[in-house]
**Student:** 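One structure follows; several queries about it will come next.
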Number of protein chains: 2
Amino acid sequence: MGDDSTAAREPASRQLAQQLRDQISRGELAPGDRLPSERVMAEEHGIARNTAREAVRLLTDEGLVTAEHGRGAFVRARPRLMRFGQHRYSRKVREETGLSPFHAEVIAQALTPNATLDRIGRVQPPAHVAERLDVSPRTRSVVERVNWYFVDGEPVQIGTTYIPWEIAKATELASGDSLGAGDLYARFEDQGYAITYTREEVTARMPTRDEARDLRMPSGVPLLVVTHTGLDAQRRPFELTEFKMRADHSGLDYTMKVDD
Amino acid sequence: MGDDSTAAREPASRQLAQQLRDQISRGELAPGDRLPSERVMAEEHGIARNTAREAVRLLTDEGLVTAEHGRGAFVRARPRLMRFGQHRYSRKVREETGLSPFHAEVIAQALTPNATLDRIGRVQPPAHVAERLDVSPRTRSVVERVNWYFVDGEPVQIGTTYIPWEIAKATELASGDSLGAGDLYARFEDQGYAITYTREEVTARMPTRDEARDLRMPSGVPLLVVTHTGLDAQRRPFELTEFKMRADHSGLDYTMKVDD
DNA sequence: TAGTGGTCTAGACCACCAT
DNA sequence: TGGTGGTCTAGACCACTAT
């Protein structure tokens, strides 16, 4: 802060946190650098280790720093932000590359994508899914496909796709077999559902412990939750995917026409 | 957890946190309920107060609980989520209601909106703004308008709008006077810029201390950051607004046509 | 093995809120 | 005033990483 009378009223842990924040913003501590150890900072500032520890915690909660057990606390390097927009559903992209939207987007950024089908089954849809897909929530009437998405080997997104059973049955969409060229949306087109509109509902929240573990998320990183509904030319919904993305790796970028 | 061998390996603070999580998800602790005090939980579980405190902290970091100094720790009530979409820029909505996009949206949800112009000035645009507005970053060539948005008296969004000086000069856009009927986008239309396309870039991150204070954000709530660019029919950018929204109050809801 | 962060103890005092 | 969360101390042992 610089102002003595103000600083003196601040708890020691916050003063130390502010000092570290300043060093980071001035570049004295660069991304990837290790902070002094808690014990060292405690001794240097004449405070208890727990107080220094609290300072580091404040910074990890802000997403500025990540602590690694046994190694130290490091200034977070901002990974390249991948931006996903509505053109990931483009037919042209699909036909020209034969790739899924995710693969096309990641390759376009000169990184290495990978996706795996983690789980597939026939389930009762959650209420918000049933509502958007216009199916009954009380029957096992949708196929659920859980996909994990990786960039350079690191998991960055988990996508759960729900497809009405009437559409998916007797196709690769329900069987778990390879989806073939053009991936998911090409198979929908085979069934007469060409994706024409997409509704994207976006929220953010902190991950649960399980989500943080699955996506190897450092603390202080929120989850971006995108509920995507695929609609055909008649605006009939035929597919819903809920994406959970690490907000430090992924963002969204939509360009759309404004309603009249 | 229920599984002794697993639970025994979990630290006491996490075990207590999990127990509280379970009580919340079972409804035994309902939104708004106060948790037992740290001292009470410590005694009941035969642990130190700091250990019970750590359990509560884990829950606040997940956004499940908020602690209030001197009062207690409470199960967070999920406020109604407001959804903002591209129709907030609709000319029809504007002309029929005479309201700004924000006002129209909040009133539609039966809540009370309020917005104030906090600051206005002529500045050098930040690099990402200059790039998107296609103006030079080295001159004081954009008007910056900082608006605060309130729902039922609570601040929920801060929007910073940048307008090229050539467009804003000699209009209410630059003077800080009332914008009149139809608000911002009606004034752009006066200048020959009818909003036709909108580009919306969405990311999420934890708030800084200042942002958390300004928006009175409890810990464990991320910030949704939306960079909106307004484009006319020729896809010329004429305005950029960066919204910072409390992710627990606001979400986004876009429906758009998929690119060919 | 030495050094790091992760967890925990058993206290203490302060700041805030309700009564 | 008594109870709450917020901060702090001065230790301790454990779990993990690197050498």
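Just so it is clear: chains get the letters A, B, ... in the order the sequence lines come, proteins before strands, and each one is counted from 1.
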**Student:** Between Ala67(A) and Gly70(A), which has a closest nucleotide on DNA chain C that is more 5'?
**Tutor:** Gly70(A)
**Student:** Let me know, please, whether Ala12(B) or His69(A) comes out on the 5' side of the other along DNA chain C by nearest nucleotide.
**Tutor:** His69(A)
**Student:** List the steps, then state whether side-chain hydrogen bond (donor to acceptor under 3.5 Å, both in side chains) holds for Gln23(B) with Arg26(B).
**Tutor:** CA-CA 5 Å; Gln23(B) 287 179 43; Arg26(B) 281 201 303 269; over 6 Å; no
**Student:** Which part of the nucleic acid does Arg57(B) contact within heavy-atom distance under 4.0 Å: base, sugar-phosphate only, or nothing?
**Tutor:** nothing
**Student:** Angle between ring planes, Phe102(A) versus Phe84(A), binned at 30° and 60°: parallel, tilted or perpendicular?
**Tutor:** parallel
**Student:** Regarding His228(B) and Glu242(B), do their side chains bring together a donor and an acceptor under 3.5 Å, going by distance alone?
**Tutor:** no
**Student:** Measure CD/Glu43(B) against P/dT4(D) and give the value in whole Å, please.
**Tutor:** 11 Å
**Student:** Report yes or no: does Gln109(B) contribute a side-chain atom to a donor-acceptor pair with the main-chain N or O of Val106(B) at less than 3.5 Å?
**Tutor:** no
**Student:** When you match Arg39(A) and Arg53(B) each to their closest nucleotide on DNA chain D, which lands nearer the 5' end?
**Tutor:** Arg53(B)
**Student:** Quick one: on DNA chain D, does Asn50(B) or Arg34(B) contact a more 5' nucleotide (nearest heavy atom)?
**Tutor:** Arg34(B)
**Student:** Output yes when at least one side-chain N/O atom of Ser37(B) is less than 4.0 Å from OP1 or OP2 of dT4(D), else no.
**Tutor:** yes
**Student:** What is the 5' to 3' range of DNA chain C, first to last nucleotide, that sits under 4.0 Å from any heavy atom of chain A?
**Tutor:** dG3(C) to dT9(C)
**Student:** Report yes or no: does Arg246(B) contribute a side-chain atom to a donor-acceptor pair with the main-chain N or O of Arg216(B) at less than 3.5 Å?
**Tutor:** yes
**Student:** Would Glu54(B) and Asn50(B) count as having a side-chain donor-acceptor pair, cut-off 3.5 Å?
**Tutor:** no
**Student:** For dA18(D) and Arg71(A) - does any side-chain N or O of the residue sit under 4.0 Å from the phosphate oxygens OP1/OP2?
**Tutor:** yes
